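Below is one structure, written out as structure tokens; the observations come after it.
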Amino acid sequence: MISKARIKQIHGLERKKNRLEEGLFVAEGPKLVGELLATLQPCYVAATEEWLATNRKRLGNAETDVVTDEELQRTSLLQHPQSVVALFPIPHSEASLAETAQRELCLALDGVQDPGNLGTIVRLADWFGIRHVFCSTDSADIFNPKATQATMGALARVSVHHIDLLQALRQTTAPVYGTFLDGKDIYSQRLTENGVIVMGNEGRGISAEAAALVSHRLYIPPYPADRTTVESLNVAIATAIVCAVFRSPRTA
């Protein structure tokens, strides 16, 4: 049985202030929680008896509560709860964008504010073997429950850093890529295996300050190129296309 105080704590972690104060984030569902258990130890788990019976050995010293479907409904932040709600400590990882970009490909998000987009981009990074995502301080928080849920467990393998992005880009000597309407056709460019791919805000795209630091301006053309289409692509979809091209055989 789960206490009212615990339910209040879990719901309070929807707010960034509370996440920072407690150093905890919420993960839900067998897929997400199962992936995170590979690299993180939870401090608390509320789950159905069946889930706990299968996974208890993986929980270490975590406090646990067996909950009914009704209790899970009251506890969960999801519209449709999925067997388990867990609290994990927020991991603290440090990496330099400039140093990382010298040896591998990484993503930089300039003001991506929708948690669902952020989580989806982290999931894409995992799919395309990108281990580090650097976010500007005005981007969404990856430990927002919606963002965490959208990663589908990619947080177990992808490190997300919230940094002063402009300062980091100024220190970067590796190639810095970004997408623009006046850029060069991405499909015709020779792309490097290392560097930074900058993706911009959902409405305004890459900020003028960050754009000034982009060394390679790219463009994702519609098909056919002269056809009238929608004005722009969703930032997560655009990220998927760009990453796919970078990982294709045409990469230098």
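The first residue of the sequence shown is numbered 1, and numbering continues consecutively from there. Quick note: numbers below take in every heavy atom, side chains included, and nothing from hydrogens, waters or symmetry partners. Keep in mind it's a predicted model, so treat the numbers as computed, not measured.
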[atom1]-[atom2] distance between [X] and [Y], expressed to the nearest 0.5 angstrom:
{"X": "Ile220", "Y": "Leu233", "atom1": "CD1", "atom2": "CG", "answer": "5.5 Å"}
{"X": "Gln9", "Y": "Ser3", "atom1": "CD", "atom2": "OG", "answer": "8.5 Å"}
{"X": "Ile90", "Y": "Leu20", "atom1": "CD1", "atom2": "CG", "answer": "6.0 Å"}
{"X": "Leu109", "Y": "Ser136", "atom1": "CG", "atom2": "OG", "answer": "7.5 Å"}
{"X": "Cys135", "Y": "Met199", "atom1": "SG", "atom2": "CE", "answer": "12.5 Å"}
{"X": "Leu105", "Y": "Ile197", "atom1": "CG", "atom2": "CD1", "answer": "4.0 Å"}

When you compare the side chain of [Y] with that of [X], does any pair of heavy atoms fall below 4.5 Å?
{"X": "Val196", "Y": "Thr172", "answer": "yes"}
{"X": "Val112", "Y": "Glu202", "answer": "yes"}
{"X": "Asn201", "Y": "Asp110", "answer": "no"}
{"X": "Lys4", "Y": "Lys8", "answer": "no"}
{"X": "Val45", "Y": "Glu63", "answer": "no"}
{"X": "Pro42", "Y": "Leu37", "answer": "yes"}
{"X": "Val26", "Y": "Glu14", "answer": "no"}
{"X": "Cys106", "Y": "Val133", "answer": "no"}

Heavy atoms only: give me the nearest [X]-[Y] pair and the separation to one decimal.
{"X": "Ala147", "Y": "Ile142", "result": "CB-O, 3.6 Å"}
{"X": "Cys43", "Y": "Leu24", "result": "SG-CD2, 3.5 Å"}
{"X": "Pro89", "Y": "Leu40", "result": "O-CD1, 4.4 Å"}
{"X": "Ala46", "Y": "Ile2", "result": "CB-CD1, 4.1 Å"}
{"X": "Gly195", "Y": "Ala174", "result": "CA-CB, 4.2 Å"}
{"X": "Asn194", "Y": "Pro175", "result": "ND2-CD, 4.1 Å"}

Determine whether the side chains of [X] and [Y] contain a donor N or O and an acceptor N or O closer than 3.5 Å.
{"X": "Gln167", "Y": "Arg170", "answer": "no"}
{"X": "Thr148", "Y": "Thr151", "answer": "no"}
{"X": "Glu50", "Y": "Ser83", "answer": "no"}
{"X": "Ser215", "Y": "Tyr177", "answer": "no"}
{"X": "Asn234", "Y": "Asn117", "answer": "yes"}

Where at least one partner belongs to residues 171-188, residue pairs that pass salt bridge (charged side-chain N to carboxylate O under 4.0 Å, His left out), sequence neighbours excluded
Asp182-Arg217
Which salt bridge (charged side-chain N to carboxylate O under 4.0 Å, His left out) pairs, counting each pair once, include a residue from residues 27-37, with sequence neighbours left out?
Lys31-Glu35, Glu35-Arg157
Test side chain to side chain contact (heavy atoms under 4.5 Å, CB included) on Leu107 and Cys243; report intermediate values, then the result.
CA-CA 9 Å; Leu107 283 169; Cys243 289; 4.3 Å; yes
Whether the side chain of [X] engages the backbone of [Y] through a donor-acceptor N/O pair (distance < 3.5 Å, no angle test) should be reported.
{"X": "Thr239", "Y": "Val235", "result": "yes"}
{"X": "Arg56", "Y": "Trp51", "result": "no"}
{"X": "Asp65", "Y": "Val67", "result": "no"}
{"X": "Thr100", "Y": "Leu97", "result": "no"}
{"X": "Ser76", "Y": "Leu78", "result": "yes"}

Starting from the C-alpha separation in whole Å, work towards a yes-or-no answer on side chain to side chain donor-acceptor pair (under 3.5 Å) for Gln113 and Ser139.
CA-CA 5 Å; Gln113 296 180 337; Ser139 291; over 6 Å; no
Mind checking side-chain hydrogen bond (donor to acceptor under 3.5 Å, both in side chains) for Gln41 and listing every partner two or more places apart, or none if nothing turns up?
none
Residue list, side-chain hydrogen bond (donor to acceptor under 3.5 Å, both in side chains) with Gln73, at least two apart or on another chain
none
Hey, quick one: are [X] and [Y] part of the same hydrophobic cluster, counting side-chain heavy atoms closer than 4.5 Å, chains of contacts allowed?
{"X": "Ile7", "Y": "Leu13", "value": "yes"}
{"X": "Phe180", "Y": "Leu169", "value": "yes"}
{"X": "Ile121", "Y": "Met152", "value": "no"}
{"X": "Leu59", "Y": "Leu32", "value": "yes"}
{"X": "Phe246", "Y": "Ile206", "value": "no"}

Note: [X]-[Y] ion pair, threshold 4.0 Å (strictly below):
{"X": "Arg19", "Y": "Asp141", "value": "yes"}
{"X": "Glu71", "Y": "Arg6", "value": "no"}
{"X": "Glu70", "Y": "Arg74", "value": "yes"}

Full working for side chain to side chain contact (heavy atoms under 4.5 Å, CB included) between Leu165 and Thr137:
CA-CA 8 Å; Leu165 184 58; Thr137 54; over 6 Å; no
Return the set of residues passing ring-ring contact (aromatic ring centres under 6.0 Å, His included) with His161 (not counting sequence neighbours), or none when no residue passes.
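Here the qualifying residues are His132, Phe134.
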Under the ring-ring contact (aromatic ring centres under 6.0 Å, His included) rule, collect the residues that match up with Phe25, sequence neighbours excluded.
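So Phe25 forms a ring-ring contact (aromatic ring centres under 6.0 Å, His included) with Phe88, Phe143.
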Give the C-alpha distance, both sets of side-chain angles, the deciding distance and a yes or no for side chain to side chain contact (heavy atoms under 4.5 Å, CB included) between Tyr219 and Thr179.
CA-CA 5 Å; Tyr219 173 58; Thr179 55; over 6 Å; no
With side chain to side chain contact (heavy atoms under 4.5 Å, CB included) as the criterion, how do Lys16 and Asn144 come out once you've worked through the C-alpha distance, each side chain's angles and the decisive distance to 0.1 Å?
CA-CA 7 Å; Lys16 184 176 181 179; Asn144 176 301; over 6 Å; no
